[in-house]
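First comes the structure, then the notes that go with it.
Each chain gets a letter, A, B and so on, in the order its sequence line appears, and its residues count up from 1.
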Amino acid sequence: MFKLEIGTPARFSYRYTVRSHGWYDLAPFEIDADDRLLFVTRRGTNEEPVAVAVEATKGGLVASVDASAFDRDSVMRDVRHILRLDEEFDGFYAAITRTGRVVWAREKNAGRLLRGPTVWEDLVKTMCTTNCSWSLTRSMVTNLVDKLGDETACGRRAFPTAEAMASRREAFYRDEMRAGYRSPYLVELAERVASGELDPETWLDSELSTAELKKEMKTVKGVGDYAAENLLKLVGRYDGLALDSWLRSQFYERHNGGKKCSDKKIDMYYHNFGNFRGLAIWCDMTESWFD
DNA sequence: GCGTCCAGGTCTACC
DNA sequence: GGTAGACCTGGACGC
């Protein structure tokens, strides 16, 4: 077992980042009894996957790597990536100060949304969150990882590569992953990524405008407005609200007396957060998670 | 046990 | 560009 020490920004909360949304609950992510975040990473399709456990210490973070050989720089990069240690949130906190809303997020150093080691992993998982209960999302992702993910030296499984997913036909996704109508979408996506026609990793530092990038994301069948805006948040763009039925219902209860209202009204409520309004609504609606 | 509803939507056809 | 209907699954709920 190798241990790597990782420094964190001054304004960082391990707890509020790891539990920022449901990703920690989807394989290969896991939180163990000691509140360590477990995940599996791999650079390159031909490399062995590596299991990593991250925990908070007084001085920052420690990542424990359960492998005989691994690329130290890759593991460091992935820990920094999934916890967004290199992302700047001063603009968000300034918007909170300016608006006087969602103050708790600034006080708790919240706002960092947990993400997977690759955009590919986040993309597939996001498609599995659409039009279903969370338990079904969890079931689909677990089935996918268990059946197609390569095993690490310690027996954990990695998220499947695009190549592994492209090697399976639609029947696998219907009958074994239980992805239902999403099955042909997953096959098509895997084939596009495996062939090199689509590279989701480029979305991280794309020079496209947010509107153009959203349009590119929506070329993936199964990715609509909600999924694209959720992915935009995960690549660090918070202009879109990523409204789904849960977020809407939470807004109605919290800010509209329990009555339905238009999406436009919701958008206007967070208008003063500018490019951080997607992050603002998420923090606003999840404050009670941490009570 | 059975039927219905609905959940962290999207696609397609049609107007 | 806007909208209705279809699409899968599985848990919750009422009977």
Side-chain angles (χ1 to χ4, degrees), chain A residues 18-27 29 110 113-116 121-147 165 168-192 198 200 211 213-235 237-256 258 260-267 269-270 277-290:
Chain A
V18 168
R19 297 180 187 275
S20 54
H21 65 133
W23 252 216
Y24 69 84
D25 194 31
L26 296 180
F29 275 129
L113 302 177
L114 182 68
R115 58 185 173 185
E121 182 173 325
D122 287 338
L123 171 55
V124 174
K125 285 178 176 175
T126 297
M127 289 172 69
C128 294
T129 67
T130 58
N131 196 29
C132 64
S133 61
W134 184 253
S135 63
L136 181 55
T137 296
R138 193 192 296 124
S139 167
M140 286 189 281
V141 174
T142 299
N143 288 339
L144 184 63
V145 171
D146 284 352
K147 294 173 190 294
M165 285 184 63
R168 294 305 186 98
R169 296 184 180 279
E170 187 179 321
F172 166 82
Y173 296 96
R174 285 190 186 277
D175 303 336
E176 299 194 53
M177 183 182 169
R178 310 298 292 170
Y181 69 91
R182 304 166 192 80
S183 301
Y185 304 157
L186 291 167
V187 172
E188 183 180 307
L189 170 63
E191 287 176 346
R192 286 182 69 190
L198 180 71
L213 185 54
K214 181 178 174 182
K215 193 174 177 182
E216 182 172 317
M217 289 172 169
K218 288 177 70 173
T219 67
V220 176
K221 276 189 186 170
V223 174
D225 281 331
Y226 155 74
E229 290 182 5
N230 189 57
L231 281 165
L232 283 168
K233 287 182 183 179
L234 294 178
V235 299
R237 303 199 194 201
Y238 307 102
D239 327 25
L241 297 184
L243 292 175
D244 54 26
S245 54
W246 182 81
L247 212 50
R248 287 188 182 94
S249 67
Q250 293 295 309
F251 181 89
Y252 302 152
E253 290 299 321
R254 196 175 173 95
H255 297 301
N256 208 46
K260 286 187 178 182
C261 64
S262 67
D263 290 353
K264 192 172 181 179
K265 181 174 180 179
I266 300 176
D267 192 63
Y269 187 88
Y270 297 98
R277 55 188 179 275
L279 194 53
I281 187 174
W282 185 256
C283 289
D284 198 13
M285 296 306 126
T286 57
E287 178 181 3
S288 62
W289 288 7
F290 300 98

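Atom CE in Met127(A) sits roughly 16 Å away from atom C1' in dT9(C) (whole-Å rounding). Taking atom CZ on Arg138(A) and atom P on dT9(C), their separation rounds to 19 Å, with Å as the unit. Nucleotide dT3(C) holds its C1' atom 15 Å from the CG atom of Asp263(A), rounded to whole Å. Straight-line distance from the CE atom of Met140(A) to the P atom of dG8(B): 12 Å, rounded to whole Å. If you take NE2 of His21(A) and C1' of dG8(B), they are 12 Å apart, rounded to a whole angstrom. One can place OH of Tyr226(A) at 5 Å from C1' of dG8(B), the figure rounded to the nearest angstrom. Remark: P of dC8(C) and CG of Leu186(A) are 13 Å apart, rounded to the nearest angstrom. Taking atom CE of residue Met217(A) and atom P of nucleotide dC11(B), one finds them 14 Å apart after rounding to whole Å.
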Fill in: Evaluation steps, salt bridge (Lys or Arg N to Asp or Glu O under 4.0 Å), between Glu287(A) and Arg254(A)
CA-CA 11 Å; Glu287(A) 178 181 3; Arg254(A) 196 175 173 95; 2.8 Å; yes
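Annotation: of the two residues near DNA chain B, Val223(A) and Leu247(A), the 5′-most nearest-nucleotide partner is Leu247(A). Along DNA chain B, the nucleotide closest to Lys218(A) and the one closest to Gly22(A) are compared, and the more 5′ of them pairs with Gly22(A).
Of the candidate nucleotides dC11(B), dG9(B), dT10(B), dC11(B) has the atom lying nearest to any side-chain atom of Tyr185(A). Out of dT9(C), dG8(B), dT10(B), the shortest distance to the side chain of Asp244(A) is found at dG8(B). Here the nucleotide nearest the side chain of Arg178(A), chosen from dC8(C), dG10(C), dG9(B), is dG10(C). The nucleotide whose nearest atom lies closest to any side-chain atom of Arg174(A) is, among dC8(C), dT10(B), dT9(C), dC8(C). Closest approach to the Ser133(A) side chain among dT10(B), dG9(B), dA7(B) is made by dA7(B) (side chain taken as heavy atoms from C-beta onward).
When heavy atoms are screened at a 4.0 angstrom cut-off, Leu136(A) is found touching base atoms of the nucleic acid. Residue Ala242(A) is out of contact with every strand shown, counting any heavy-atom pair closer than 4.0 Å. Within the 4.0 angstrom heavy-atom criterion, no nucleotide atom of any strand lies near Asn230(A).
Using N1 to N3 plus N6-O4 or O6-N4 for Watson-Crick, or N1-O2 and O6-N3 for G-U wobble, each under 3.5 Å, dG8(B) pairs with nothing. Nucleotide dC8(C) forms no Watson-Crick or G-U wobble pair with any nucleotide shown, as no partner meets the under 3.5 Å limit on both distances.
For the pair Arg277(A) and Asp239(A), the salt-bridge criterion is not met [side-chain N within less than 4.0 Å of a carboxylate O]. Remark: Lys233(A) does not engage Glu229(A) in a salt bridge, criterion side-chain N to carboxylate O under 4.0 Å.
Using the six-membered ring where Trp is involved, Trp282(A) and Trp246(A) have ring planes that are tilted, between 30° and 60° apart.
With Tyr173(A) contributing its side chain and Met165(A) its backbone, the two residues share a donor-acceptor pair below 3.5 Å. Here the side chain of Thr126(A) pairs no donor or acceptor atom with the backbone of Leu231(A) at under 3.5 angstrom.
In this structure, Phe251(A) has its ring center under 6.0 Å from that of Tyr269(A).
With rounding to the nearest 0.5 angstrom, the CD atom of Glu216(A) is 6.0 Å from the CG atom of Leu213(A).
Comparing dA6(C) with dG8(B), their P atoms sit 23 Å apart, to the nearest whole Å. Rounded to whole Å, the separation between the P atoms of dC8(C) and dA13(B) comes to 15 Å.
Checked against Trp23(A) for a side chain to side chain contact (heavy atoms under 4.5 Å, CB included), the options Val18(A), Val141(A), Thr129(A) give a single hit: Thr129(A).
Contact annotation: Arg182(A) does not reach the phosphate of dC8(C) (side-chain N/O to OP1 or OP2, under 4.0 Å). Remark: Ser245(A) is in phosphate contact with dG9(B), judged by side-chain N or O atoms under 4.0 Å from OP1 or OP2.
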Contact list (N/O, under 3.5 angstrom) for nucleotides 12-15 of chain B vs protein:
| unit_1 | atom_1 | unit_2 | atom_2 | d |
| --- | --- | --- | --- | --- |
| dT12(B) | OP1 | Lys221(A) | NZ | 3.4 |

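Here Trp134(A) lies parallel enough and close enough to stack on the base of dG8(B), with planes under 30° and ring centres under 5.5 Å apart.
Side-chain N/O atoms of Tyr181(A) and base N/O atoms of dG9(B) include a donor-acceptor pair closer than 3.5 Å.
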